[in-house]
Amino acid sequence: MTAPASTQSLNAAGEFVRGQSSFRSVLNEDPDFPAEPGRYHLLVALNCPWCHRVTLARSLLGLTETLSLDVAFPNRTGDDDPAGEGLWEFNPSRIATLTGAPLPECTEETATGRHLRIAKDLYEAEGSPEKSLPVLFDKKTQRIVSNESAEIVRMLNACAGALGSSLEGDARPDFYPGGAGDGALREEIDGLNQAIYVNINNGAYKAGFSSDQAIYAAAFEAYFAALARL
């Protein structure tokens with residue numbers, strides 16, 4: 001199930017506006033996407049903060065052996081790339097400017113079997129103009145499940161056992177406890193997530209991409225106030 005494609009832009013006041021991710025299916029809730037070991041795949045860029053929390057969850061939940069992973073090059077394509085500028089690229093042979101050598105963590109795209117170089121091609125196969133990472137991909141149906149990082153983390157947490165986690169019992173953390181007495185804890189988690197998302201995660205973009213000094217100053221102040229509170 002998809003919604004209208006997301007966009008990112010500046011509004012009339014010069015403020016960065018993040019679009020809504022359009023792939024929002026949920027493992028085990030959507031009948032097309034049952035949680036199964038070895039079926040799903042993550043496509044990430046390790047320098048992307050949205051991807052970073054997804055890769056952390058994959059590791060902490062014991063899913064590194066049953067949830068496969070591709071890693072894009074940390075710099076996006078330049079204006080001389082035939083596919084276009086500013087795109088995530090799966091190119092393990094690309095040379096890093098700081099080291100003069102390829103980066104060992106970068107991989108080819110292996111989820112589709114077509115060795116796609118550009119992440120945007122995943123979206124184009126589904127008629128979407130999006131181009132963001134992370135992507136949770138279903139290798140069986142060759143479809144994108146989700147590209148909303150917070151929701152991917154929640155899915156991995158809820159479905160870790162069914163996805164084949166190597167951790168059992170108390171050895172596996174629960175990032176969002178759902179017991180009868182956990183309501184207050186969930187409220188605290190939700191409140192922190194909202195504050196961190198608005199003021200820190202997205203706040204960095206609001207400051208960095210702003211074209212108005214007053215908007216930049218407000219985002220800057222909110223960013224460091226949130227860090228101080230934490």
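Just the heavy atoms: all of them, side chains too, but no hydrogens, waters or symmetry mates, feed the values below.
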Euclidean distance, Leu46 CG relative to Phe73 CZ, rounded to 0.5 Å: 12.0 Å

Contact check, side chains of Phe33 and Asn28, non-hydrogen atoms, under 4.5 Å: no

Within residues 35-61 or reaching into it, pairs that qualify as salt bridge (Lys or Arg N to Asp or Glu O under 4.0 Å) - sequence neighbours excluded: Glu36-Arg39, Arg39-Asp138

Close side-chain approach of Asn147 to Leu136, heavy-atom, < 4.5 Å: no

Atom pair CG/CG of Leu27 and Asp32 - distance to nearest 0.5 Å: 11.5 Å

Test item: Glu65 side-chain N/O and Ser166 main-chain N/O as donor-acceptor pair under 3.5 Å: no

Side chains of Leu116 and Phe90 in contact at under 4.5 Å (non-hydrogen atoms): no

Whether Tyr197 and Trp50 hold their rings parallel, tilted or perpendicular, with breakpoints at 30° and 60°: tilted

Cluster link Tyr216 to Leu227, ILVMFWY, side chain under 4.5 Å: yes

Aromatic plane relationship, Phe220 with Phe224 - under 30° parallel, 30 to 60° tilted, over 60° perpendicular: tilted

Nearest heavy-atom neighbours spanning Leu167 and Leu61: CD1-C, 3.9 Å

Note: Asp190-Arg154 ion pair, threshold 4.0 Å (strictly below): yes

Non-hydrogen side-chain atoms of Tyr123 and Val135 separated by less than 4.5 Å: yes

Side chain proximity check, Leu42 to Ile152, heavy atoms < 4.5 angstrom: yes

Hydrophobic cluster membership, Leu87 vs Leu103, 4.5 Å side-chain cutoff: no

Close side-chain approach of Val44 to Leu133, heavy-atom, < 4.5 Å: no

Closest non-hydrogen atom pair between Leu156 and Ala57, with its separation: CD1-CB, 4.5 Å

Shortest non-hydrogen separation from Ala222 to Asn199 and the atoms involved: CB-OD1, 3.7 Å

Minimum-distance pair of heavy atoms, taken over all atoms of Phe137 and Ala111: CD2-CB, 3.6 Å

From OH (Tyr40) to OG (Ser146), nearest 0.5 Å: 12.0 Å

Nearest heavy-atom neighbours spanning Ala195 and Arg229: CB-NH1, 3.5 Å

From CH2 (Trp88) to NZ (Lys120), nearest 0.5 Å: 15.0 Å

Donor-acceptor contact below 3.5 Å, side chain Arg186 vs main chain Pro177: yes

Glu151 vs Val26, side-chain contact (heavy atoms from CB on, under 4.5 Å): CA-CA, chis, key distance, verdict: CA-CA 8 Å; Glu151 293 174 9; Val26 179; 5.5 Å; no

CD (Glu124) with more than 12 external heavy atoms under 6.0 Å: yes

Close side-chain approach of Ile118 to Thr77, heavy-atom, < 4.5 Å: yes

Linked, directly or transitively: Phe175 and Leu67 (ILVMFWY side chains, under 4.5 Å): yes

Flag, side chain of Asp70 to backbone of Thr110, donor-acceptor distance under 3.5 Å: yes

Flag side-chain contact, heavy atom, 4.5 Å: Pro37 against Leu163: no

Gap between atom CD1 of Ile196 and atom CG of Leu230 - 0.5 Å precision: 5.0 Å

Taking every non-hydrogen atom, the tightest pair across Cys106 and Pro92: O-CB, 3.4 Å

Stepwise side-chain contact (heavy atoms from CB on, under 4.5 Å) test for Leu43 and Leu122: CA-CA 10 Å; Leu43 299 106; Leu122 287 166; 3.8 Å; yes

Lys/Arg N to Asp/Glu carboxylate O, Asp30 vs Arg143, below 4.0 Å: no

Hphob cluster co-occupancy, Ile215 + Ile200, side-chain heavy atoms under 4.5 angstrom: no

Main-chain N/O of Cys51 paired to Ser149 side chain as donor or acceptor, under 3.5 Å: no

Val153 reachable from Leu192 in the ILVMFWY side-chain graph, under 4.5 Å edges: no

side-chain contact (heavy atoms from CB on, under 4.5 Å) assessment of Gln142 paired with Thr112: CA-CA 7 Å; Gln142 291 289 293; Thr112 66; 3.4 Å; yes

Pair Arg114-Asp121, side-chain contact (heavy atoms from CB on, under 4.5 Å): steps then yes or no: CA-CA 10 Å; Arg114 293 183 286 145; Asp121 291 341; over 6 Å; no

Atom pair CD (Glu108) and NE2 (His115), whose distance is rounded to the nearest 0.5 Å: 5.5 Å

